[in-house]
Every structure is written in C-alpha cells, then in structure tokens.
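Note: hydrogens, waters and symmetry copies are ignored here, and every other heavy atom, side chains too, is used.
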Amino acid sequence: SQRDYQKARKHTFDSLSMLRDLFPVETHPEGHPRIADQLFSVAYLLDELGDFAVARTYHAESLEMRKRLFAGFENGHPDIAQSLNSLGVAFRKLGDLQSAYDYYDQSLEMRQRLYPAAEYPDGHAQIVTCLNNLGFVCSEMSRSDDAMAFYRQALDMQRTLTETDRSKYALNSLAASLKHVGYELRLKRRFAEAREHYEEALTLYGELYPLAEYPQGHPNLALMMGNLGGLLAQLGDYEAAVDLLEDSLHMRKALFPPEQYPQGHPDLALAHQSLGLLYPTVGKPKEALVNLNDSFKIEQSILRNILSRDS
C-alpha cells in the first residue's frame, strides 16, 4: 500500500543518512560500497513510487560512486553494469529513449566483458536482460528491425541457457523473450510466426503458474491470453479469440477483485475493451456495449482517483 511505501521510504532514507555519517567523505573520499548500495536501494524505491526524476539522480550518484570504487577492475564490475542498466530504465520511464538506449548499450558492453563467450559459451542471464532492454527501447523508438535483432539474440541465448537451467526465473525469461519476438513479428504482420511464439509463451506461462498453485491465475498468464486472443482476431479466428479474451478477463477479475481494487485496474479495463471491440464480429452487440461501458467506467474511476490523490 501507499502507506507501506512511505514507511519504507523513510526507513531507506534514514539508513542512507546513517551510512553517510558512518563513512564520511573526509575519510572515504571514493565513497563506500554500502553507501553506493543504499543509494541504489533509494533509487529503486523511488522508481516503485513513480518518482522517476528523483530516482534518476540517486541512480546517477550510485553509478559515479561505484565507478570510483571499482576503477581498478579492467573489465568493469557487476555493480557498475547494474547501475548503468538501471539508469537506462530511469531514462526510459522519463521518455528520454536515446539516453536509455545509451545506458543500456554501455551495460551490455560491460556485461559482455564480464561474461565473455570463452568462459560462458551458453551466454549469461544478465546479457539476456540487456538485450531485451535494448530491444524494448528500440521498439519504442520505432526501430523495429533493431528491436527484432536484439530480441532474437536474447531468445536464442535464453533457449540455450534453459537447456541446463530450468529454474522459474530462466523459464520466465524464455517466455518473455518469446512474447517480445512475437510482438515484433505481429507488428510486421507476420502473423503465423507470431502465433507460434505467442502459443509457446502461453504454454510456458501455463506450466509456470498452474491453477493448482495459482487458483486466481497470474498477470503474465492473463496478459499472454489477451495477446494471443488479439492476434487470433487479426487472423480472423474470432471464436477462438473470444474464448481466450474471456478467459483473460475472468482471470483478471480474480486477480483484481473490487475488494482490493475498488477503482478497478487498468488490465481489467483493457480486457473489457478488447472483448467489447470483438463481440460484434461473433454476433454479440449487446455484450459489446456492456464491456465497452465497463471499460469506460473503470478508466474514469482510475482517473478520478489519480486526480484526487494529486490535488
């Protein structure tokens, strides 16, 4: 909740102040690893609170301190690469896509030095993260071919990694890479190939989040159902599309119940809208109006809540 975040914010800033007192600049001119880590924690929390501009300043301070602390590391240091990547995220959230690209690229170059192919022939999860981030920002910059190239590199590497690593993290990363490549293929109207990637991703998410363990479902699973449903609609398979979109909506209703989300949730609004736009194609105009109206009411409720909170 917002109150919990505010408590965490106070605790995080208090810890930073205490560490600055423990390791003052007079005796630690290069800084201290614990201060750099706490600066990163402050930035991460501010990201979660949506205060991206202030978060960026703490990410930058953490990066500069880590550069001083690890200046003697010829190939760089994992903490520096982490800060570079996080600054990329911060700039992307602020809409500065070129700066985001530059920081992501620096992070990739350092991680490729840290985890060279000679020592890591299968690749490394951190390199996959960088490739996906570069693909994401290229997609937002309308550089579709570049995005596809990065996403395919990430997918190929993650496939290789999951041959020996079947952890939940690795399989989630594989599903995400499949989803990213499928999205770019869909933009290029290569629908049959996109469908193959979406279906494989959906199968993976189904294995990762079985109903026996996740009776309400999971956001990733609901999102992938919606993505595949939208693609099937583009392919003209309207009945199958409606089935998937209805499943996605039912799961999102379970995930975001009114008791916990009295204003509704953006994912619910999107699910209702998708069904509202598709129902006329299967002869359900009344259901279309109901869902479009539900989508509108949720969006209005969320907007009113945001405006009242900011006033």
Side-chain angles (χ1 to χ4, degrees), residues 132 135-136 139-140 142 144-145 147-149 151-152 154-156 158-159 162 171-212 214-256 264-299:
N132 274 323
F136 194 82
S139 183
E140 290 189 321
S142 299
S144 181
D145 289 342
M148 179 67 83
Y151 282 150
R152 284 203 179 279
L155 176 56
D156 290 344
Q158 192 59 51
R159 279 197 190 281
T162 51
L171 293 173
N172 256 310
S173 183
L174 178 58
S177 290
L178 286 161
K179 178 180 66 177
H180 295 325
V181 173
Y183 174 78
E184 291 300 324
L185 288 167
R186 186 178 175 184
L187 288 180
K188 293 177 179 295
R189 305 189 67 81
R190 292 160 60 179
F191 296 137
E193 294 173 79
R195 180 175 182 170
E196 291 176 7
H197 286 76
Y198 274 3
E199 287 178 339
E200 187 178 353
L202 180 58
T203 298
L204 271 173
Y205 282 132
E207 294 172 359
L208 285 164
Y209 307 110
L211 291 179
Y214 297 84
Q216 294 176 323
H218 190 277
N220 287 341
L221 186 56
L223 174 63
M224 203 63 243
M225 288 177 180
N227 288 348
L228 182 55
L231 176 61
L232 291 177
Q234 286 181 287
L235 287 167
D237 193 349
Y238 300 122
E239 296 288 348
V242 165
D243 288 344
L244 273 171
L245 290 173
E246 286 179 340
D247 288 345
S248 178
L249 174 60
H250 293 152
M251 186 173 290
R252 283 166 167 165
K253 284 182 175 180
L255 288 166
F256 309 115
H265 190 280
D267 287 0
L268 268 175
L270 177 61
H272 279 297
Q273 182 188 61
S274 298
L275 273 170
L277 294 173
L278 188 59
Y279 270 139
T281 64
V282 293
K284 295 183 176 181
K286 291 182 180 179
E287 290 86 342
L289 286 174
V290 170
N291 276 272
L292 290 173
N293 187 51
D294 286 345
S295 177
F296 178 75
K297 287 192 293 187
I298 292 171
E299 289 174 347

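- Residues D145 and K188 are in side-chain contact: their nearest non-hydrogen atoms beyond the backbone lie under 4.5 Å apart.
- Looking at E193 and F191, their side chains never come closer than 4.5 Å, going by heavy atoms from C-beta outward.
- Not a single donor-acceptor pair under 3.5 Å links the side chain of S295 to the backbone N or O of N291.
- Atom CG in L244 sits 10.5 Å away from atom CG in L275 (nearest 0.5 Å).
- When all heavy atoms of L255 and H218 are compared, the pair lying nearest together is CD1-C, 3.6 Å.
- Between R186 and A194, the shortest heavy-atom distance links the atoms N-CB, 3.8 Å.
- By the 4.5 Å heavy-atom criterion applied to side chains, L268 and K253 are counted as neighbours.
- A donor-acceptor contact shorter than 3.5 Å is absent between the side chain of Y238 and the backbone of Y279.
- No more than 12 heavy atoms of other residues, nucleotides or ligands shown are found within 6.0 angstrom of OH on Y183.
- Two residues are said to be in side-chain contact when any heavy atoms from C-beta on lie closer than 4.5 Å; R159 and L178 meet this criterion.
- Side chains of R195 and L185 form no contact here, defined as non-hydrogen atoms less than 4.5 Å apart.
- Going from atom CD of Q273 over to atom CG of L245 covers 11.5 Å, rounded to the nearest 0.5 Å.
- Of the possible donor and acceptor atoms, none in the side chain of S139 sits under 3.5 Å from a partner among the backbone N and O of G135.
- Between D243 atom CG and S248 atom OG the span is 12.5 Å, to the nearest 0.5 Å.
- Under the side chain to side chain contact (heavy atoms under 4.5 Å, CB included) criterion, N227 pairs with K179, Y198, L223, M224, not counting sequence neighbours.
- Enclosure of atom OH in Y214 by more than 12 non-hydrogen atoms of other residues, nucleotides or ligands within 6.0 angstrom is indicated.
- Ring pair F136/H180 is perpendicular by interplanar angle, where above 60° counts as perpendicular and below 30° as parallel.
- For the pair S177 (side chain) and L174 (backbone), a donor-acceptor distance under 3.5 Å is absent.
- Here the straight-line distance linking atom CG of D267 with atom CG of L249 works out to 11.0 Å at 0.5 Å rounding.
- For the atom pair R190 CZ and L187 CG, the distance stands at 11.5 Å (nearest 0.5 Å).
- Proximity of N293 to H272: side-chain heavy atoms (C-beta onward) are nowhere separated by under 4.5 Å.
- The shortest non-hydrogen separation linking A233 to L278 is CB-CD1, 3.8 Å.
- The distance from atom CD of E199 to atom CG of L231, rounded to the nearest 0.5 Å, is 8.5 Å.
- Looking only at side-chain heavy atoms (C-beta outward), D294 and K297 come within less than 4.5 Å of each other.
- The shortest non-hydrogen separation linking Y205 to N172 is CE2-OD1, 3.5 Å.
- Taking each heavy atom of E184 and S144 in turn, the nearest pair found is OE1-OG, 3.0 Å.
- L232 and A241 make their closest contact through CB-CB, 4.0 Å (heavy atoms, listed as atom of the first residue, atom of the second, distance).
- Side-chain contact between L277 and L292 is present, with heavy atoms from C-beta onward closer than 4.5 Å.
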